[in-house]
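Each chain gets a letter, A, B and so on, in the order its sequence line appears, and its residues count up from 1.
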Amino acid sequence: MTPHTPDPVDASASGNPLLRHLNPEQLAAVTLPARHALILAGAGSGKTRVLTTRIAWLVQTGQVSPAGVMAVTFTNKAAKEMLTRLGTMLPIPVRGMWIGTFHGLCNRFLRAHWKLAGLPQSFQILDAQDQVSAVRRVIKAMNLDEERYVPKQVAWFIAGSKEEGLRPRDVSVRDEQTRKLVEIYQAYEDQCQREGVVDFAELLLRTYELMRDNAALREHYQHRFRHILVDEFQDTNRLQYAWLKLFAGPGNSVFAVGDDDQSIYAFRGAQVGNMSDFEREFHVEHVIKLERNYRSYGNILDAANELISHNRRRLGKNLRTEAGPGEPVRVYEATSDFAEAQWVLEEAQQLHREGTPRSEIAILYRSNAQSRVLESTLFNAGIPYRVYGGLRFFERAEIKHALAYLRLLENPNDDTSYLRVVNFPTRGIGARTLEQLQDAARTSGRSLYQSVGAVAGKGGANLAAFNALVDAMREATRGLTLREIIEHVLEASGLQDYYRNEKEGRERLENLDELVNAAEAFVTQEGFGKDAVALPIDEQAGAIADGDPPAVALADIVPDAETGEIISPLAAFLTHAALEAGDNQAQAGQDAIQLMTVHAAKGLEFDCVFITGLEEGLFPHENALSDFDGLEEERRLMYVAITRARKRLYLSHSQTRMLHGQTRYNIRSRFFDELPEHALKWITPKVQGFGGGRGAQSGWGSAPATPPWSAAPAKIEPRVATSDGVALRVGQSVFHNKFGEGMIVTLEGSGNDARAQINFGRHGLKWLALSVAKLTPIE
DNA sequence: AGTGTTCTTCTTTTT
DNA sequence: GAAGAACACT
């Protein structure tokens, strides 16, 4: 009955139990010879299984030692899952294997080779927030206008440059603006270096450059990692691709698994083109397509296949199933976002009554802002739900404060952390004092911590007291366990007292307690060093593997001179906190409906999926419509959304929606017209000529079955204006010779002055003068 | 130095 | 509509 039990294909020929449950394509992929290979793995085709089974098979058949395998993923979750599955397949400890995220592995690499990489041993990692605030400081220090150089955008520029492999001197400067941006980039780099911090992109770029420039090191690692496996290859950016090229020495095998149709991070620099580049540049002989889907019923797959066939830039792939058509995809049109939420609620309740666990019901949307209505509807109905996204554990303010103190223990020159907590809780250190301090630090080229002596007066005394506090905490925690260190710092910093006295502080206090727990769990479960300890593993590699990793590389791994530790538990924990933002509000245990953006849903699957807000301008999003690639990415996003569903899929859109505090009138998403009619069931009548019509197609002259909102309670603001005696009202759909169909959003003025704001979907929102514009009402 | 008030912005975001 | 930042006030 359920479609996701794979057919046991006869693999008895091999007689290997590892390979028993693979279909022929999967089996072929898993047992490919040790050459470069590209696996095009469609949604739900058993991609993770292929990856893990391949590793297990390689190790089990003695083709490679566990230390000779490197497997790269994008998310911690995927890495963890791979390790877990592998652990059940192989009778060896898998923890030390080089399986992790790009950033995690780079961190491991840089912890081992910090000296060669030109980093302090206890370098800290800036998360995205920290990076923006670091950039903001640079911009302020350079006396630049924050309006013109928006910190967030500049941070984006810097990260983007790094992901292209470009240092400031490599960025080609065409205009004045870019020249300035490069200047900021350079100053930012100097600042990071001075403070001993690296951002996410830097982890990769440093590793890349070190591998590129140090032949001995490169040869060592190329020799070591005979098999490199890459998950979600379609999401790699240029730097990651170049990085892989460096690690893939002669004679190595790169086994890349990806799905070009699920590439939804191009906006963040992912290059789908890496897949075809890989095929060409690595002379890939084996391309295997996994098209058999074990997840969804036929109607859902038909919808996905048909939709994605509208994309032109594809490698070409079609999902198929043997599970039968299943239920039709249900489509609902609501009059308002509120009504839409209400409908979702009722359907979800029905599903629950019929036996679907709430956790198997997912409500997806394009942007986070849409979750509010859904949340309040579920909340008012008393239905348990869980929202993904939003603030994650290690991103919470109180947690970041605590971490900042801890980071100062490791590295007092970390100005980002210094600024975050120097006056929190307040210690009489105001903006003026800090300005003086920053000036002093700037002119002397030293850190804030090092510059307190330069500030005179009361402010200076307070600063000195803060420094003394940090020093005292460091002294007091020497030799303590991680748990004790954190407990001491929470107390001594005054954070705990601060939140104890705060009205809203209870939850924050609980979170601080949770931090202690997280640290405790980190120490016990993880053996604390999974991200950090490189030396023991490399030693193992020397022992287990082929016997000849060059000593030169190992000698470059530098332990702490005093203790011989590779990294302290505290440093390891701080790394963990930066690299793994932690789960959101894990209200674990309760059976709850799952709410998330489509992006967040990637890689997940549910029995029942609702995709809401399918409206022009929202999904596809208006900002993505300007260019062709943007639209194709939106379509892939929709494809990802559809393929999350196992048994039932619901699509909905609404005529009106509160957005940015005002009611917007939207037309149906064009994606509806790209779905196969036979797979759909329209709960509300489909209205001709809406959203879809590519002009020639569907005549809107023909009588629609039922006006969309006459059946449902109409809650459209009925304002009226005229042009040529034609009555218009807000919410009315009209046809314009140039812009096609649109929906009237606003009406203003009267007579010759009358204007209308009209949502033309792909042509955007436009103001038209009604005395000029020729509009024909539709409907 | 801390708090209250207006002004601005508003996709997605694995690390 | 709500969060975050800049500004003004006490």
Side-chain angles (χ1 to χ4, degrees), chain A residues 72-80 100-107 125-133 136 146-147 150-153 155-156 159 162-163 198-204 231-232 234-237 239-240 262-270 337 364-370 372-373 376 388-392 394-395 397 423-434 458-459 462 531 575-582 596-604 613 617-625 630 633-634 636-638 640-641 657-664:
Chain A
V72 203
T73 65
F74 277 83
T75 64
N76 294 304
K77 205 171 145 195
K80 220 174 266 170
T101 62
F102 276 101
H103 296 85
L105 296 181
C106 284
N107 174 61
I125 298 167
L126 298 183
D127 67 16
Q129 276 177 39
D130 298 334
Q131 197 197 0
V132 172
S133 56
R136 177 174 293 118
E146 278 192 54
E147 306 249 302
V150 185
K152 213 165 149 190
Q153 289 170 5
W156 175 277
K162 289 188 182 183
E163 281 162 9
V198 296
D199 59 42
F200 285 142
E202 186 71 25
L203 286 170
L204 278 147
D231 190 18
E232 306 277 17
Q234 77 282 354
D235 287 337
T236 51
N237 61 35
L239 178 56
Q240 285 157 342
Q262 291 191 69
S263 158
I264 56 174
Y265 285 104
F267 76 95
R268 254 188 114 267
D337 47 351
L364 309 185
Y365 35 81
R366 174 65 236 268
S367 64
N368 282 308
Q370 290 167 251
R372 176 151 296 132
V373 212
S376 66
Y388 286 74
L391 263 197
R392 306 214 274 177
F394 287 116
E395 289 167 359
N423 197 36
F424 191 95
T426 50
R427 317 188 156 82
I429 299 168
R432 271 208 71 89
T433 309
L434 284 179
K458 193 137 182 294
N462 289 340
D531 287 327
T575 296
H576 168 78
L579 243 31
E580 199 162 342
M596 67 193 82
T597 64
V598 180
H599 282 91
K602 189 180 173 203
L604 305 176
L618 229 137
F619 200 178
H621 197 278
E622 53 200 348
N623 296 0
L625 294 181
E633 177 142 322
E634 293 291 303
R636 291 193 294 268
L637 201 48
M638 179 69 183
V640 167
R657 184 174 297 278
M658 278 291 268
L659 206 63
H660 308 328
Q662 63 165 19
T663 308
R664 286 218 349 200

Side-chain atoms of N423(A) come closest, of dG2(B), dT11(B), dT15(B), to dG2(B)
Using whole Å, report how far CZ of F619(A) lies from P of dT12(B). 12 Å
Once you round to the nearest 0.5 Å, how far does CG of L604(A) lie from NZ of K77(A)? 4.0 Å
Residue whose nearest DNA chain B nucleotide is more 5′ - T433(A) or A600(A): T433(A)
If you measure from the ring centre of H660(A) to the centre of the six-membered ring in the base of dT9(B), is it under 5.5 Å, with the planes under 30° apart? no
Taking atom P of dT14(B) as reference, at what distance in whole Å does atom CZ of F394(A) sit? 15 Å
Looking only at side chains, do Q129(A) and Q131(A) share a donor and an acceptor under 3.5 Å apart? no
Is the base of dT11(B) stacked against the aromatic ring of F267(A), taking ring centres under 5.5 Å apart and planes under 30° as the test? no
With a 4.0 Å cut-off on heavy atoms, is G603(A) in touch with a base, just the backbone sugar-phosphate, or nothing at all? nothing
Taking dT14(B), dG2(B), dT13(B) as options, the one with an atom nearest any side-chain atom of N368(A) is dT13(B)
Candidate nucleotides dT14(B), dT13(B), dT11(B), ranked by approach to the side chain of T75(A) - the nearest: dT14(B)
If the glycosidic angle sits within 90 degrees of zero it is syn, else anti. Tell me which applies to dT12(B). anti
Kindly point out which of dT11(B), dA2(C), dT14(B) is positioned nearest to the side chain of F74(A)? dT14(B)
Of the listed nucleotides (dT12(B), dT11(B), dT15(B)), which one gets closest to any side-chain atom of T597(A)? dT12(B)
Kindly compute the distance separating CG (N107(A)) from OG1 (T575(A)), expressed to the nearest 0.5 Å. 5.0 Å
Between dT13(B) (C1') and N623(A) (CG): distance, integer Å: 15 Å
Report the distance from atom NZ of K602(A) to atom CZ of F74(A), rounding to the nearest 0.5 Å. 8.0 Å
Hey, is the main chain of G269(A) close enough, under 3.5 Å, to the side chain of N237(A) for a donor-acceptor pair? no
Could you identify the nucleotide paired to dG1(C), looking across every strand shown and requiring Watson-Crick or G-U wobble geometry with both distances under 3.5 Å? dC10(B)
Does the ring of H599(A) meet both stacking tests against the six-membered base ring of dT12(B): centre distance under 5.5 Å and plane angle under 30°? no
Could you tell me how far apart L126(A) (CG) and dT13(B) (P) are, to the nearest whole angstrom? 21 Å
Picking from dT15(B), dT11(B), dT14(B), the nucleotide nearest the side-chain atoms of A624(A) would be dT11(B)
Once you round it to whole Å, what is the distance between C1' of dT12(B) and CH2 of W156(A)? 9 Å
Would you indicate, yes or no, if dT14(B) has its OP1 or OP2 atom less than 4.0 angstrom from a side-chain nitrogen or oxygen of T73(A)? no
Report the distance from atom NZ of K80(A) to atom C1' of dT15(B), rounded to the nearest whole Å. 14 Å
For the ring pair H621(A) and F267(A), is the centre-to-centre distance below 6.0 Å? no
For L637(A) and dT14(B), give me the distance from atom CG to atom P, rounded to whole Å. 14 Å
Could you check whether Y265(A) gets within reach of a base, just the sugar-phosphate, or nothing at all, counting any heavy atom under 4.0 Å? base
Select base, sugar-phosphate, or nothing to describe what Q131(A) touches, counting heavy atoms under 4.0 Å on all strands. nothing
Rounded to the nearest Å, what distance is computed from the CZ atom of residue R136(A) to the P atom of nucleotide dA6(C)? 6 Å
Out of dA2(C), dT15(B), dG2(B), whichever nucleotide has its closest atom nearest the side chain of H103(A): dT15(B)
For H621(A) and T426(A), find the nucleotide of DNA chain B closest to each by heavy atoms; which residue's nucleotide sits nearer the 5' end? T426(A)
